[in-house]
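Numbers restart at 1 for each chain; the letters A, B, ... are given by sequence-line order, proteins then strands.
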Protein chains: 2
Amino acid sequence: MAKPIKKLPVLPIERAIRTISGRWKAVILYHLLNGPKRLSELSKLIPSVSQKVLVQQLRELEEHGLVNRAVFRQVPPRVDYSATELGLSLEPVMLALCDWGQRHAVALDEIDRLVDCVVRPVNAGRGSTTVGGD
Amino acid sequence: MAKPIKKLPVLPIERAIRTISGRWKAVILYHLLNGPKRLSELSKLIPSVSQKVLVQQLRELEEHGLVNRAVFRQVPPRVDYSATELGLSLEPVMLALCDWGQRHAVALDEIDRLVDCVVRPVNAGRGSTTVGGD
DNA sequence: GGCCATACTTACCAACAGGTCTGTATAGGA
DNA sequence: TCCTATACAGACCTGTTGGTAAGTATGGCC
């Protein structure tokens with residue numbers, strides 16, 4: 001496991017928040033919780049993210065041990081990004097955050113559209129969940 | 001409930017993360033979970049925070065409905081900051097984040113010192129928990 | 001050789017975040 | 001009047017972050 005280049009806080013809660021608080025990180029992780037993805041796939045799933053920032057955040061997530069990057073020797077180039085065990089362990093935390101975020105929106109009367117907090121497929125029916133950033 | 005000036009993301013998880021991800025916010029909230037505090041108290045509890053940022057973050061937490069600010073008509077000026085019901089509801093989420101943050105530090109072999117994840121007094125004995133930022 | 005698909009990298013810039021330092025306001029007490 | 005305690009506000013600066021736009025590398029196919 002390579003040492004993260006970007007130093008993380010010592011305080012556990014600050015550390016946790018820092019690993020997932022960069023732009024698009026939560027969205028990226030959400031998609032990777034559903035299985036490995038290529039860069040091009042993630043680009044299509046998150047249309048509003050710039051190539052540069054997508055790569056940047058993936059690299060950071062990788063550095064912090066949440067994401068694994070698998071390079072295939074082929075052309076066109078193929079790189080698979082997948083959530084590590086550590087990354088997968090964030091799922092309940094992300095769910096808790098999502099639930100609270102909904103509660104927050106309701107409390108502040110800012111419920112334009114209530115997005116379901118589903119980070120894994122519950123069954124074959126993909127459902128109505130859409131995550132693409134705000 | 002006043003509308004927050006700083007617009008929050010629509011996506012619930014991004015919204016949640018944004019409300020607690022500013023500098024010192026988690027630490028500030030941690031202290032307010034233990035009861036109302038004055039600015040000077042918070043300054044003493046978190047020695048490394050600058051006056052300006054402390055006030056700024058408290059104002060943001062207030063704007064986002066997590067913190068209540070009570071002004072007393074007296075001199076010296078007295079202002080009490082306390083966690084709102086919404087803010088208090090963050091406790092389990094913060095605990096989950098803290099637990100995960102510890103797990104993360106262990107997984108990356110960065111366990112200098114394991115800080116306990118206690119956000120409320122468990123009993124009369126205050127214990128060994130210390131939160132002051134990194 | 002040109003085109004394709006994929007996965008990046010680089011230069012540049014605007015906006016933002018956090019911090020230092022200085023100053024202001026209030027009433028009470030010596 | 002000066003000092004005290006408390007709670008800010010404002011000017012300024014540095015470093016970071018997110019994004020736009022353009023470019024590079026690889027091998028396969030026509």
What is the separation between atom [atom1] on [X] and atom [atom2] on [N], rounded to the nearest whole Å?
{"X": "A/Arg73", "N": "C/dA5", "atom1": "CZ", "atom2": "C1'", "value": "19 Å"}
{"X": "B/Leu58", "N": "D/dT6", "atom1": "CG", "atom2": "P", "value": "16 Å"}
{"X": "A/Lys44", "N": "C/dT6", "atom1": "NZ", "atom2": "P", "value": "5 Å"}
{"X": "B/Arg78", "N": "C/dG28", "atom1": "CZ", "atom2": "C1'", "value": "17 Å"}
{"X": "A/Gln51", "N": "C/dA7", "atom1": "CD", "atom2": "C1'", "value": "7 Å"}
{"X": "A/Gln56", "N": "D/dT16", "atom1": "CD", "atom2": "P", "value": "13 Å"}
{"X": "B/Leu54", "N": "D/dT6", "atom1": "CG", "atom2": "C1'", "value": "13 Å"}
{"X": "A/Lys37", "N": "C/dC8", "atom1": "NZ", "atom2": "C1'", "value": "20 Å"}

Nearest to the side chain of [X] - [options]?
{"X": "A/Val75", "options": "D/dT6, D/dC8, D/dG27", "result": "D/dG27"}
{"X": "A/Pro76", "options": "D/dG18, C/dT6, C/dC8", "result": "C/dT6"}
{"X": "A/Lys52", "options": "D/dG27, C/dT6, C/dA11", "result": "C/dA11"}
{"X": "A/Arg59", "options": "C/dT9, D/dG18, D/dT20", "result": "C/dT9"}

With a 4.0 Å cut-off on heavy atoms, is [X] in touch with a base, just the backbone sugar-phosphate, or nothing at all?
{"X": "B/Ser40", "value": "sugar-phosphate"}
{"X": "B/Val79", "value": "sugar-phosphate"}
{"X": "A/Glu60", "value": "nothing"}

Side chain to side chain contact (heavy atoms under 4.5 Å, CB included) evaluation trace for B/Lys25 with A/Glu14 | CA-CA 9 Å; B/Lys25 278 189 181 173; A/Glu14 287 190 326; over 6 Å; no

Taking the side chain as every heavy atom from C-beta outward, state whether B/Leu32 and B/Leu66 have any atom pair closer than 4.5 Å.
->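 Heavy-atom side-chain distance check fails, nothing below 4.5 Å.
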
Hey, are the side chains of A/Leu45 and A/Val27 touching, using non-hydrogen atoms and a 4.5 Å cut-off?
->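 A side-chain contact under 4.5 Å is absent here.
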
For B/Arg38 and for A/Gln74, find the nucleotide of DNA chain D with the closest heavy atom, then tell me which residue's nucleotide is more 5'.
->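 Its nearest nucleotide lies further toward 5', so the answer is B/Arg38.
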
Considering just the side-chain nitrogens and oxygens of A/Arg69, establish if one lies under 4.0 Å of OP1 or OP2 belonging to C/dC8.
->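 Indeed, a polar side-chain atom of A/Arg69 lies that close.
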
Does a nitrogen or oxygen in the side chain of A/Tyr81 sit under 4.0 Å from OP1 or OP2 of C/dC8?
->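 Yes, within the criterion.
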
Would one find more than 12 heavy atoms of other residues, nucleotides or ligands at under 6.0 Å from atom CD of A/Gln74?
->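 More than 12 within 6.0 Å, yes.
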
So which of B/Arg38, B/Arg69, B/Lys37 actually passes side-chain contact (heavy atoms from CB on, under 4.5 Å) with B/Asp80?
->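 It is B/Arg38; the other options fail the test.
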
